[in-house]
Amino acid sequence: MTRKLPADEGHVHPIRGSRSFTQVSLAMTVLALLAGINVPASADDAQALQQLRQQLDRMQAEFEKQQQLQRQQMDAIRRQIETLQGKPGVQAPQPTAPPTSPTPSTTEAPKPVGTGNSTLDAGKAWSPSDPIRLQSGRSLLDISLNGTLATGGSTASQIDGGTQLGGHDPKVNGFTLQSLELSLSGMVDPYFRATTDIALHLDSSGESSLEIEEAYMETLSLPGKLTLRAGQFLTPFGRHNMQHVHEWSFVDSPVAHARLLGPDGLRNLGGQISWLMPFRFHSELTLAVQNSAGETASSFRFDNEGEARFHRQLGDLRANRLGDLLFTPRWSTSFDLTDSQTIVVGASSAIGPNASGAEEQTRIHGADLFWKWKPTRHQGGFPFVSWQSEALIRRYQAGAFDWDLDGDGLVNADGSELDGNGDALPDVLPRETFQDYGFYSQLSYGFRRGWVVGIRGEMVDRRHQAIYEGLFGDDTDRLGRWRLSPNLTWHPTEFSRLRLQYNHDQRRQIGADHSVWLQMDFSLGAHGAHKF
Amino acid sequence: MPDSPALQPRKRRLAIAAWPSSVFGVLVVLVGVVISMPPASAQLKVATTTADLASVAREIGGPAVDVVALARPGEDPHFVDAKPSFIARLSRVDMLIEGGAELESGWLPALLLGARNPKIALRQPGRIRANIGIEMLEIPTSLDRSQGDLHASGNPHFLIAPSNMRILARRIASGLESLDASNARAFQDRLKSFEGRLDSKLLEWRSRLEPHRGRQILGYHNSWIYFAREFGLKVDFVIEPKPGIPPSARRMADLITAIRENDIRAVFVEPHVSRRFAETLSQKTGIRMVMASQYPGGIPGTEAGVIELLDRLTGDLARALEQPLGK
């Protein structure tokens, strides 16, 4: 029974001997287990054996699982390397070049306890069951949703179309969904990119409607610094007309834009070519050619939905000729005055036929200026001061019009034939040309991170009284008005915004009105790049 | 009314005088246009988004390239304005080097569309996205902005780690070679020399920070993890509770406790974040403020490049870590 251990050198101690026996038998059991040999054992031993076997099986399974996982990860990395190698010009990086001297023992990524994101795993291959990322890296399409809601009220008896002319302005005492915009954009292929911007509306009667604000494709790689665009797009006229609601610095659209370009601004189906001039400074020429019909070109071929405008009934009186398109040339240029100051100036014209006659034309000219100061040591984009101003003038040729629609020489009893001067005869208007103008100037001061205070002053007026106004009375769509709007904006983050604005309106023949609006804005999904 | 005879000759004289002056005017405009046309040059024109990328590009390119960084060194690279002058510049460059991983996603895409420069289109040799080939840390498994503005491709502040600089330097060298094969030899030589200097410096930097292995440091934004990993330090705490969200009073109180409990001796103060949070922490706990930037030139005296910047950072940090918390 006794066994000599080499160290014992003959002095056998009984207790020691028995202990060594247990040790040896245990070691043998383990050895046998590992070798897969069945050794006769006691009942206790058999139980231990079974437990160990189960443990081994579990470890084996775990081992295989780990191996499989690692193999998957290796495959994923291999695939990444392959795709990188496949790219022309991008040389396969030396497999994450190891640091030259021995790596620190604490190589595991420090868990950013304080950063809020704890579940991090690097290098995992994407599988179809994973969430689709709506940001750069793995998506073919950038998707974002912008919602703008306003609440507040006004002393004006008529808000919609009275104090608030813009299609996206707050319009009622209460709540207005100014805009809910779904934007989809991405690269189509190496030659084109495409953008779609769909706005959903909820009007004051609760009706939902849908509007295609923009949907166009654009070239990416034309020679000669040219870009061609085709589709529905915002006409390149000035600055404000090319901004979506969530990009505005004020709750509402400038009065000049709503009155002269139209409540929804100027946009239509068409094509556009732009050329970046080969200078040291930025200088760009753009020409847009668009359809001139519809409510999104309301100073052009828009019938005003049957309502009289400029005391005339408007209608599409012309055959659809090639020349009946809306032409909008624009030139803009920009300079950095210093490292922290930039100025952009531009000039635009929109020229096209209007709906008052067969030969009548509208011409709108505009000039715009944008200046921004932002110190190079800004914190998250703050502080900054920006100043934006635009001036517009519209020259509208109005055709001759005879309100004697049925040709009987008398005013109809149903009031469909206007009699503005009360002589019981239908009004007759001569052909004439009149001019309206307007401008706004707005200053924004981002005084601390996330906080912006702003003020906008604006006015619109007619250049002179039109003949029809002299005959039949002043037209409220042309009478002078001005508005002063201070506001305060808070951006909790880049993706949300709260804005409080007061409007002091002064309209000729109507008087003063006061409005207060609180606007809320959110932005979900892809984070679009900001235009300057 | 008949024209007065006295006026007519004068009118004609004016019209005659107007001819040379209008020709002169046209000439002035033409000369102006020619002057404002950028001159042709043999140098490769390289633009980078940030100053650290520009520094590495200059190391490799040397006199054969003309490198300009768009963002100022002290500027927050997430919030750069897409100025039209950048569009004009990008329209003329042969190569663009960007950080990638959404570092510049708020402004660079708008510039690229405006610049319409096919040389720097994605997958062209003239376009280098620095994050490719880098082992990115902190890639989020889910993107949820209640957790702050997370970057889908991982933490983009990787270039402050020398091992990542090496990877980028090699990619820039191969990119430059494919654009200018005649200088391939020079680019390779400069790469070797840069790597050599970086390696010997790295030993020096490591030995400086070796006594402080495992120690915690504090930053404002979570932008120091690659740096900490390279030098065996830890950044388990940052002042911002979530990316892009300023700290509350409660968080500041928690930070003060954490600084004392973990004996955190240094806080990095970057030029583009408010100093007041670090100042408060310093007054309350005695934690030392270390002026830091990830961009050469972001702190004075580091304009020369990334090596000088790391020299300064590791030196200042090691000195701050030597002394125990004051209060």
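Lettering follows sequence order; numbering is per chain, from 1.
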From CG (A:D142) to OG (B:S105), nearest 0.5 Å |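 OG of B:S105 is found 9.5 Å from CG of A:D142.
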Distance from A:S221 atom OG to B:K119 atom NZ, nearest 0.5 Å?
->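 Between atom OG of A:S221 and atom NZ of B:K119 there are 14.5 Å.
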Is it the side chain or the backbone of [X] that comes within 4.5 Å of chain A heavy atoms, both, or neither?
X      : answer
B:A258 : neither
B:A82  : both
B:H272 : both
B:L112 : neither
B:N164 : neither

What are the two closest non-hydrogen atoms of A:L276 and B:S91, and how far apart are they?
->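 That would be CD2-CB, 3.4 Å.
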Stepwise, does the salt bridge (charged side-chain N to carboxylate O under 4.0 Å, His left out) test hold for B:R116 with A:E284?
-> CA-CA 12 Å; B:R116 50 203 98 170; A:E284 191 178 22; 2.5 Å; yes
What part of [X] gets closer than 4.5 Å to chain B, counting heavy atoms only: side chain, backbone, both or neither?
X      : answer
A:S274 : both
A:T342 : side chain
A:T493 : side chain
A:S496 : neither

Sort out for me which of [options] touches chain B most, counting heavy-atom pairs under 4.5 Å.
options                        : answer
A:V344, A:D339, A:L524         : A:D339
A:F495, A:F335, A:F384, A:F382 : A:F495
A:H530, A:M187, A:K225         : A:K225

Count the heavy-atom pairs under 4.5 Å between each of [options] and chain A, then report the option with the highest count.
options                        : value
B:P162, B:P109, B:S274, B:G154 : B:S274
B:G74, B:G106, B:A110, B:P118  : B:G106
B:E210, B:H221, B:E75          : B:E75

Just wondering, more than 12 heavy atoms not from A:Y191 lying within 6.0 Å of its OH?
->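 12 or below, so no.
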Within a radius of less than 6.0 Å around CH2 of A:W387, do more than 12 heavy atoms belonging to other residues, nucleotides or ligands occur?
->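 No - once you tally the heavy atoms of other residues, nucleotides and ligands closer than 6.0 Å, there are 12 at most.
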B:D81 and its side-chain contact (heavy atoms from CB on, under 4.5 Å) partner, picked from A:K372, A:K531, A:H378 =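 Between B:D81 and the candidates, side-chain contact (heavy atoms from CB on, under 4.5 Å) is satisfied uniquely by A:K372.
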With B:R89 as the cation and A:F279 as the aromatic partner, state whether NZ or CZ is under 6.0 Å from the six-membered ring centre and within 45° of the axis.
->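 Pair B:R89/A:F279 does not count as cation-pi.
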When you measure from the side chain of A:R377 to the backbone N and O of B:G298, does any donor-acceptor pair fall under 3.5 Å?
->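 Side chain of A:R377 to backbone of B:G298, a donor-acceptor pair under 3.5 Å: yes, one is there.
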Is there a side-chain contact between B:L113 and A:L220 (heavy atoms, below 4.5 Å)?
->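 Touching, per the 4.5 Å side-chain cut-off.
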Considering only heavy atoms from C-beta outward, does the side chain of B:F79 approach that of A:Q379 to under 4.5 Å?
->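 B:F79 vs A:Q379: side chains apart.
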